[in-house]
Amino acid sequence: MKKKLVIIDAYSIIYKCFFGVRPMHSPKGISTNAVYGFLNIILKLISDEKPNYLYAAFDKGHKNFRHDKYADYKAGRQSMPEELREQIPYIERLLDAANIISLKVDDYEADDIIGSVSEVADKEGIDTVVITGDRDSFQLVSEHTKILYSKRGISDIEVINEDYLKEKYNLTPKQMIDLKALMGDKSDNIPGVKGVGEKTALNLLEKYSDLDGVYEHIEEIKGKLQEKLINDKDNAFLSKDLGTIEVNMDIDLDLNEECNFNFENEEFISILRELDLKSIIKKLGVKANDTREDNKENEKDDFSHIKEEYKTISKDISLDEVLNNIKDKKSLSVYFVLSDDLKTIKSAMIFDKDNFYLYDSSVSDISELVKIMRSGLDIVTHNFKDVYKVFVSQGYDDIHCRFDIYLGGYVLNPSDERYSLEVMSKKYLDIDLEEEKGEAVQQSFLDIEDNNKYNMQMKKAKSIYSLAGIFKEKIKEEEMEDLYQNIEHKLMYVLGDMELEGFKVDLNTLEELGVDFDKRVEDLTRNIREAAGEDEDFNVNSTKQLGHVLFDKMGLPALKKTKTGYSTNIEVLEKLRDHHPIIPMIIDLRQISKLNSTYVKGLVSLIDKDTNKIHSTFNQTITTTGRISSSNPNLQNIPVRTEEGRIIRKVFISSSENNVLVDADYSQIELRVLAHISKDEKLINSFKNNEDIHTRTASEVFNVPIDEVTSEMRSSAKAVNFGIVYGISDFGLAKGLSIARKDAKEYIDTYLSKYPGVCKYMEDIVVTAKEQGYVTTMFNRRRYINEIYSKNFNVRSFGERTALNTPIQGSAADIIKLAMVNVQNELNKRKLKAKLILQVHDELIIDTPMEEVEEVKALLKDKMENVVDMSCPLKADISVGKTWFEAK
């Protein structure tokens, strides 16, 4: 059999991988997407091509012989991104560890190495396969050489051979050089003939064969084209010279001994472990006697022997048989399919590690699914909150799962952003679940007879089972079991109950507020036009028109310009507030217009017509700090610093005339957490003594007795206190307080000298983050901070600020989450009618019958203030009202 040689245009493919694969990072923050993509391509090449020889060709240095001919060759190319540059040494180490030969030659490019290697191989009767993302290599195509051309990404590969070039360009491989000579190449800064594109060049070559032929017949070519060719004749021949790949370099290749690839040696695997590329390790396949942790997990979750066949409950198998079959199992995974409105369970694929069972709502009653869910087994699912709400809505309020991989993925890395089953299966299992979407998933399983149509649903059930095993073990290893089980998992049910309960809205008050806001918008618009001396044609909401009026006509200082004109954003307007009465009116108009569209008119469409309630969605896996967010509507974004924003809260009311809202709000929780984790005695004692912390800080920073602290001093100290929590810089503080930067720096320096515990914490936490790649909260929630290793100062500074504030913000988030769980448990334990209906930042609201108010107030205060043992006390302020406005 004829031998085969594969040679990789290394940098070309590495670049394709870097831009074609989503950003990935190791635990130490090293970018890994190019490494991941490059290795996958190599493994696929070996699998598909089965080469006897494999080489990787690299450029060596920035200059080569072409620069001697044309100094501007490749001029203007952007430098390699830092996130890619840091991956190159790892790629080179991996190639070396795998016994893949890297070829570099002084004064030549990778193309020349590839051309010369393919020439040597051809003379030895060896077929050559070149993989590249560069079309220059098309000139190397021959009977014995083909190109695997990576077009836009690592998965978009086109096979280039002589037939391809003939069909697409009607050219021979050598004519590809003449094509480039005529049209040039912007990426390499090869000039070509100015004004000649691909279409014109192809017509010329079809008629005159090559560049020499074009100029031999130059008199036949008429008009502007002739003029262009004559003017750029020297550039055309220079371009041909620059674009011709050298194929006669002296390459030292030992083709007597075939390559011995080795991807399973300890050095190769250890580099993969260092980069956390578990899916590559899995893909390599590990021997049964290998003791590596990665292999243990693979062996445990290898379900390749399982037949992908299911039995439908009540059709192919009775419920009793299913319950009998699963009774000795340790766990079940269940993949649920809900209706579009999320109100019914259409079907569920159940996997017990050996068999698949299908629940289909068109055949079975939900009570049969309930019996399986209540089997006492360790049931694992994905995104169970929505499923739980369906069960509760149908009267089954005691249905639980044991583990939710949606939450598990979030706990393991809150920076991942996406926790869909497809994304996590690809990341942790290297399994692609993207093939089948939409119709087959959304319809009844029984609608289609072909069992193969549902392989994807069975794969998803298997993936849930496998991921649960991986996640449970990893959560245990990283000592986050308590965080998962006692906070996140229990909170899932609390949030589900809150979403079902909803928050009642007074539609009459909302409509009245809308009328009032409409009138104010109308009045402000008219007043702004009058102040500007403009008529009704002036659109006050047009940035372009407003900029012209403010800065060209009225002569106000233009503080910022964009590509499209003057900036009139809020930052600019706030700085101009005192320059003219029109500015405060514009600011007010924007605020009221936003409130009107988002929270007045916007809320109307979200109100349940039967209950007059809005059912906001509480998102548990959105923020990197662990905080809960809400959507549809986002109740956390209602402004509280403006009177108009606070008025919006008037429309949120208790559920009945006999009910009121009991509101509990943590007082300065983040500063109390800072005091606790920094162990700063002065800060701790201030809270223990129930002092006004901002006044105390002002006294320390400005070196005055407490009774001499002015309101201005207190405001500045408050900005410093909260600025420290968020890692504020002297520049940021100066901007916030409108003071000189040196004064802001002095405030911060004085603060840190007065609170040495805080100063030490700030120094130590950054060191810790750099050493281990992450920081943790009081409850051991991790946040990985890749930015802290960046070579870019601004990015690295962001990473350092993140390292500083995440333990504070994250711990505060964990505390209120745990408080919610404890409050809900206590309400249920006492069988109270009061319902927890809202969480916003550090605030909880319970819709409470009048007769339970005092009990609920005491319960809330107790559970919130005693949720965790801290060196300084937590404090919750309790208030009551018929509306959220009154209660707050």
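Side chains included, hydrogens not; waters and symmetry mates left out as well; all remaining heavy atoms used. Predicted model, so just to flag it, every value in this text is computed and none were measured.
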Colleague: May I ask you to decide if Ser667's main-chain N or O and Arg672's side chain share a donor-acceptor pair within less than 3.5 Å?
Modeller: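 Flag set: sc Arg672 to bb Ser667 pair under 3.5 Å.
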Colleague: If you count heavy atoms of other groups shown closer than 6.0 angstrom to NZ of Lys882, is the number above 12?
Modeller: yes
Colleague: At what distance, to the nearest 0.5 angstrom, does CG of Asn632 lie from CG of Leu603?
Modeller: 11.0 Å
Colleague: Surrounding CD of Glu712 (heavy atoms of other residues, nucleotides or ligands, distance under 6.0 Å), is the total greater than 12?
Modeller: no
Colleague: Would you call Asp523 and Arg526 a salt bridge, using N to O less than 4.0 angstrom?
Modeller: yes
Colleague: Considering non-hydrogen atoms only, spot the tightest contact between Leu635 and Leu838 and give its length.
Modeller: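 Shortest heavy-atom separation between Leu635 and Leu838 comes out as CD1-CD1, 3.4 Å.
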Colleague: For Ser686 and Glu691, does a side-chain donor sit closer than 3.5 Å to a side-chain acceptor?
Modeller: yes
Colleague: Identify, with sequence neighbours excluded, every residue that meets side-chain contact (heavy atoms from CB on, under 4.5 Å) alongside His548.
Modeller: Asp552
Colleague: With a sphere of 6.0 Å drawn around CD of Glu643, does it hold more than 12 non-hydrogen atoms of other residues, nucleotides or ligands?
Modeller: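 Counting neighbours around CD of Glu643, more than 12 heavy atoms of other residues, nucleotides or ligands fall under 6.0 Å, so yes.
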Colleague: Considering residues, nucleotides and ligands other than Met850, do more than 12 of their heavy atoms fall under 6.0 Å from its CE?
Modeller: no
Colleague: Taking NZ, NE, NH1 and NH2 as the nitrogens, is one of them in Asp518 or Lys601 under 4.0 Å from a carboxylate oxygen of the other?
Modeller: yes
Colleague: So if I apply the side-chain hydrogen bond (donor to acceptor under 3.5 Å, both in side chains) rule between Asp497 and each of Gln824, Lys389, Lys385, Lys835, which one comes out positive?
Modeller: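 Considering Gln824, Lys389, Lys385, Lys835, a side-chain hydrogen bond (donor to acceptor under 3.5 Å, both in side chains) with Asp497 is found only for Gln824.
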Colleague: Could Lys504 and Asp608 be called an ion pair, given the rule that one side-chain N must be under 4.0 Å from one carboxylate O?
Modeller: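 No.
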Colleague: Applying side-chain contact (heavy atoms from CB on, under 4.5 Å), can you list everything that pairs with Ser597, at least two apart in sequence or on another chain?
Modeller: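 By the side-chain contact (heavy atoms from CB on, under 4.5 Å) rule, Ser597 matches no residue at all.
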Colleague: Verify the distance criterion only: is there a donor paired with an acceptor across the side chains of Glu851 and Asn658 at less than 3.5 Å?
Modeller: yes
Colleague: With a 4.5 Å limit on heavy-atom distance, are the side chains of Glu826 and Asp862 in contact?
Modeller: no
Colleague: How far apart are the closest heavy atoms of Lys343 and Ser339, and which atoms are they?
Modeller: N-OG, 3.3 Å
Colleague: Quick one: do Lys519 and Glu522 make a salt bridge, cutoff under 4.0 Å?
Modeller: no
Colleague: Test your reading of the model: is there a side-chain donor-acceptor pair from Lys553 to the backbone of Gly533, 3.5 Å cut-off?
Modeller: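 Pair found, side chain donor or acceptor close to backbone of Gly533.
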Colleague: Any idea which heavy atoms bring Tyr410 and Gly626 closest together, and the distance?
Modeller: OH-CA, 3.1 Å
Colleague: Do Ile528 and Phe538 have side-chain heavy atoms sitting under 4.5 Å apart?
Modeller: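 Heavy-atom side-chain distance check passes, below 4.5 Å.
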Colleague: Hey, could you give me the CG/CZ distance between Leu595 and Arg520, rounded to the nearest 0.5 Å?
Modeller: 9.5 Å
Colleague: Please report the interatomic distance CD1(Ile816) to CD(Gln839), rounded to the nearest 0.5 Å.
Modeller: 4.5 Å
Colleague: Give a yes or no on whether a salt bridge exists between Arg801 and Glu787, defined as a side-chain N under 4.0 angstrom from a carboxylate O.
Modeller: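 Salt bridge flag = no for Glu787 with Arg801.
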Colleague: Would you call Glu670-Arg627 a salt bridge at under 4.0 Å N-O?
Modeller: yes
Colleague: Taking all atoms of both residues into account, what is the closest heavy-atom pair of Leu576 and Pro557, and its distance?
Modeller: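 Result for this residue pair: CD2-CG, 3.6 Å.
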Colleague: So does Glu530 have more than 12 non-hydrogen atoms from other groups sitting under 6.0 Å from CD?
Modeller: yes
Colleague: Only counting residues at least two apart or in another chain, list the ones meeting side-chain contact (heavy atoms from CB on, under 4.5 Å) with Asn659.
Modeller: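 Asn659 satisfies side-chain contact (heavy atoms from CB on, under 4.5 Å) with Ser654, Ser655, Ser656, Asp847, Pro849 once adjacent residues are dropped.
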Colleague: Can you tell me which residue pairs pass the ring pair (Phe, Tyr, Trp, His ring centres under 6.0 Å) test with a partner in residues 607-666, sequence neighbours excluded?
Modeller: Phe503-Phe652, Phe652-Trp884
Colleague: Under the rule for salt bridge (Lys or Arg N to Asp or Glu O under 4.0 Å), what residues qualify as partners of Lys861, not counting sequence neighbours?
Modeller: Glu865
Colleague: Is a donor on one side and an acceptor on the other found under 3.5 Å between the side chain of Arg741 and the backbone of Asp730?
Modeller: no
Colleague: So, Thr848 side chain and Ile846 main chain: donor-acceptor pair closer than 3.5 Å or not?
Modeller: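 Looks like yes, one N/O pair under 3.5 Å.
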Colleague: Quiz question: by atom type and distance under 3.5 Å, do the side chains of Tyr419 and Asn383 form a donor-acceptor pair?
Modeller: no
Colleague: Would you call the rings of Phe384 and Tyr493 parallel, tilted or perpendicular, taking 30° and 60° as the class edges?
Modeller: perpendicular
Colleague: Please report the shortest heavy-atom distance between Ser716 and Tyr747, naming the atom on each side.
Modeller: CB-CE2, 4.2 Å
Colleague: Could you check whether Thr697 and Tyr751, counting side-chain N and O atoms only, form a donor-acceptor pair closer than 3.5 Å?
Modeller: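 Side chains of Tyr751 and Thr697: no pair found under 3.5 Å.
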Colleague: side-chain contact (heavy atoms from CB on, under 4.5 Å) with Ala740: which residues, sequence neighbours excluded?
Modeller: Lys742, Asp743
Colleague: Calculate, to the nearest 0.5 Å, the distance between atoms CG and CD1 belonging to Leu546 and Ile586 respectively.
Modeller: 4.5 Å
Colleague: Grab the two heavy atoms, one from Asp814 and one from Ile487, that are nearest each other, plus how far apart they are.
Modeller: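 Distance-wise, the nearest heavy atoms are O-CD1, 4.1 Å.
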Colleague: Does a side-chain N-to-carboxylate-O contact under 4.0 Å join Arg529 and Glu536?
Modeller: no
Colleague: Taking atom CD1 of Ile647 and atom OG1 of Thr509, what is their separation to the nearest 0.5 Å?
Modeller: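 So the CD1 of Ile647 and the OG1 of Thr509 are separated by 11.5 Å.
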